[in-house]
Amino acid sequence: MNLAQLLHRAAAADHEAPAIALGPRTHATYGTLAGRVAALAGALRTRFDLHDGERVALLMTNTPAFVEVLFACWHAGLVAVPVNAKLHPQEVRYILDHSGARLCFATPALADAIAAHTAGLAGFETIVPVSTATAPSHEYHHLVSGAAIPVVPRADDDLAWLFYTSGTTGRPKGAMLSHRNLRAMTLSYFADVDAIAPDDCILHAAPMSHGSGLYILPHVAAGARQVIPESGHFDPDEILSLFQHHQGVGMFAAPTMVKRLVERAVETGAGPGNLKTIVYGGGPMYVEDLKRAMACFGDRFVQIYGQGESPMTITVLGRADHTRRDHPRYQARLGSVGRAHSVVEVRVADAHDRTRPPDELGEILVRGDAVMHGYWNDAEASARTLRGGWLHTGDMGAFDADGYLTLKDRSKDVIISGGANIYPREVEEALSSHPAVLECAVVGRPDPQWGEAVVAFVVTRPGHTVAAADLDALCLTRIARFKRPRDYRFVERLPKNNYGKVLKTELRTWAAHPADAE
Ligand code: AMP
């Protein structure tokens, strides 16, 4: 089944229902959206002569055209390649080249920025600037108003989305996601994450090239609305004000975004308004931060753990897990990433892929309809990552006897000191419980005596300070002595990639060369 059918099904049921809002105002109904998508699909096939399975890149800040181009690609039997708008033009060029994209639809400023970097790309035709609220594009207008074509049939295993990983180390790889994968993700949203009514919406505060964009699908399936902030990026004040304007607001946010939203809501006294659900994930949420967020916005949280290779769909900590405060294992569950999504099997295995018993650590493996088909043009990495039919996530964790998974760290981030394994997450949890600590990250530094020594990088809240001795004393109350940092570095900010994930590789360099951190 072609995912584009979900859009046309919603449009047939209610032409006039709002499909996209830009800021507080309706931008397009389902009827309009479906018509523009069908016309754009026609242009992709006829004007640009694209054939089944060819790739089209989307390089956009959050904007309504993202939804149009995404569905038009599927409608036309093509593969969408959403690219993070914050990448350097050379990195964008790498993805255009590696994916073999024929076209790139881009918001005007990004179209200009990469124009000089597409010369000589084999098979690449052109950059098409899309229309935005402030900059109409004649060419784009022409493409979305031409002759419509019927939806091109697609098999379940045909590719729909090449999801380029954020590449915290090395070159990004293109996870091949099929129509089947994304349909499984869509259905598991309803089974495991949240219900969606037609009057509800998703507020795209996070980049649509990543998790927030994947969640377009369940909202289209439900005939609900996509709300796109006018700024096109994450501005806490704008997001808080949109909570007041729309009904049944859901959103996906990285933990760092949740934290910024909470800080701002506390500062301004802004309430949750019509916020229904914040789905958070993509990086560790420390328990103290989660409790602060629940105190601010109420019982409106669901956590997901996923990766591009099994998009948004490995485990889920549901709303009920956040609210059952009388449960004997409530605290432990809040610190976990929840249970397997209903469309995948998840297990924890040793180095020989043997399943480990409850409470024992191993690598997290995933199998099921949401798991990618492999990496685009990388047979070796595909075979390694999918060996034995299981996705090897590279994440370490342990299940408890109730089936709740606690994530430790990626195997390469584990610190081995004096022969003992130290999981940075435990130390970070301890440090984040200090009221003066805004953010922290823990890495290992080579040490002649211990092999590696634990180094903590700490960002304090504005106007606060804390002494290393106080943090040390705090650690003594919460974690084993040998896990305590041997060195504290107070820094203004943590290095992060374009999706806000802390770059531990860079921190390890900082740790090894003290001067770089100043
Ligand atoms: P990406 O493919 O860019 O979405 O990155 C996926 C990685 O982010 C996973 O392999 C995990 O290491 C991390 N991650 C995702 N969700 C969570 C979560 N809920 N808690 C902690 N780490 C997470």
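Numbers here are sequence positions counted from 1.
Between the R45 side chain and the A76 main chain, a donor and an acceptor come within less than 3.5 Å of each other. In this structure, E238 contributes its side chain and E230 its backbone to a donor-acceptor pair below 3.5 Å. Proximity of a side-chain donor or acceptor of S310 to a complementary backbone N or O of T313 within less than 3.5 Å is detected. Looking at W74, its side chain never comes within 3.5 Å of a backbone N or O of V79 through a donor-acceptor pair. Listed for the Q226 side chain is no donor-acceptor partner under 3.5 Å among the backbone atoms of C201. The closest donor-acceptor contact from the side chain of T26 to the backbone of A28 lies at 3.5 Å or more, if one exists at all. R300 contributes a side-chain N or O that, together with a main-chain N or O of F297, makes up a donor-acceptor pair within less than 3.5 Å. Put simply, the side chain of K408 never gets that close to the backbone of L361: no donor and acceptor are under 3.5 Å apart. For the pair E439 (side chain) and R493 (backbone), a donor-acceptor distance under 3.5 Å is absent. Using modelled atom types, one side-chain atom of S145 and one backbone atom of H141 make a donor-acceptor pair closer than 3.5 Å.
Neither side chain, N84 nor Y164, offers a donor N or O lying under 3.5 Å from an acceptor on the other. Judged purely by distance below 3.5 Å, without hydrogens or angles, the side chains of Y140 and E68 pair a donor atom with an acceptor atom. In this structure, a donor-acceptor pair under 3.5 Å is present between the side chains of T277 and R319. With 3.5 Å as the limit, one finds a donor-acceptor pair spanning the side chains of H373 and S178. Side chains of T29 and E16: a donor-acceptor N/O pair is absent below 3.5 angstrom, by distance only. Side chains of N274 and H245: no donor on one and acceptor on the other come within 3.5 Å.
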Check the pair K173, D378 against salt bridge (charged side-chain N to carboxylate O under 4.0 Å, His left out), reporting the backbone distance first and the verdict last.
CA-CA 8 Å; K173 294 196 274 294; D378 196 340; 5.8 Å; no
Go through F252 and H219 one step at a time and tell me if the ring pair (Phe, Tyr, Trp, His ring centres under 6.0 Å) criterion holds.
CA-CA 12 Å; F252 172 71; H219 289 82; over 10 Å; no
Does H204 form a ring pair (Phe, Tyr, Trp, His ring centres under 6.0 Å) with Y215? I'd like the steps, not just the answer.
CA-CA 9 Å; H204 291 288; Y215 278 173; 9.2 Å; no
Dump the intermediate steps for salt bridge (charged side-chain N to carboxylate O under 4.0 Å, His left out) on R225 and D200, then the final yes or no.
CA-CA 6 Å; R225 212 165 323 157; D200 292 344; over 6 Å; no
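Every salt bridge (charged side-chain N to carboxylate O under 4.0 Å, His left out) that D158 has, sequence neighbours left out, goes to R154.
Taking a cutoff of 4.0 Å between a charged side-chain nitrogen and a carboxylate oxygen, R180 and D157 qualify as a salt bridge. Remark: D413 does not engage R425 in a salt bridge, criterion side-chain N to carboxylate O under 4.0 Å. By the 4.0 Å N-to-carboxylate-O rule, D192 lies too far from R339 to be salt-bridged with it.
The line from CZ of F48 to CG of L78 is 11.5 Å long, rounded to the nearest 0.5 Å.
The local environment of NZ in K496 is crowded, with over 12 non-hydrogen atoms from other residues, nucleotides or ligands closer than 6.0 Å. Within a 6.0 Å sphere centred on CZ of R387, other residues, nucleotides and ligands contribute more than 12 heavy atoms. Other residues, nucleotides and ligands place no more than 12 heavy atoms under 6.0 Å from the NE2 atom of H15.
Ring geometry for Y280 versus H322: interplanar angle over 60°, hence perpendicular rather than tilted (30 to 60°).
Under the 6.0 Å distance and 45° angle rule, R171 counts as a cation-pi partner of Y94.
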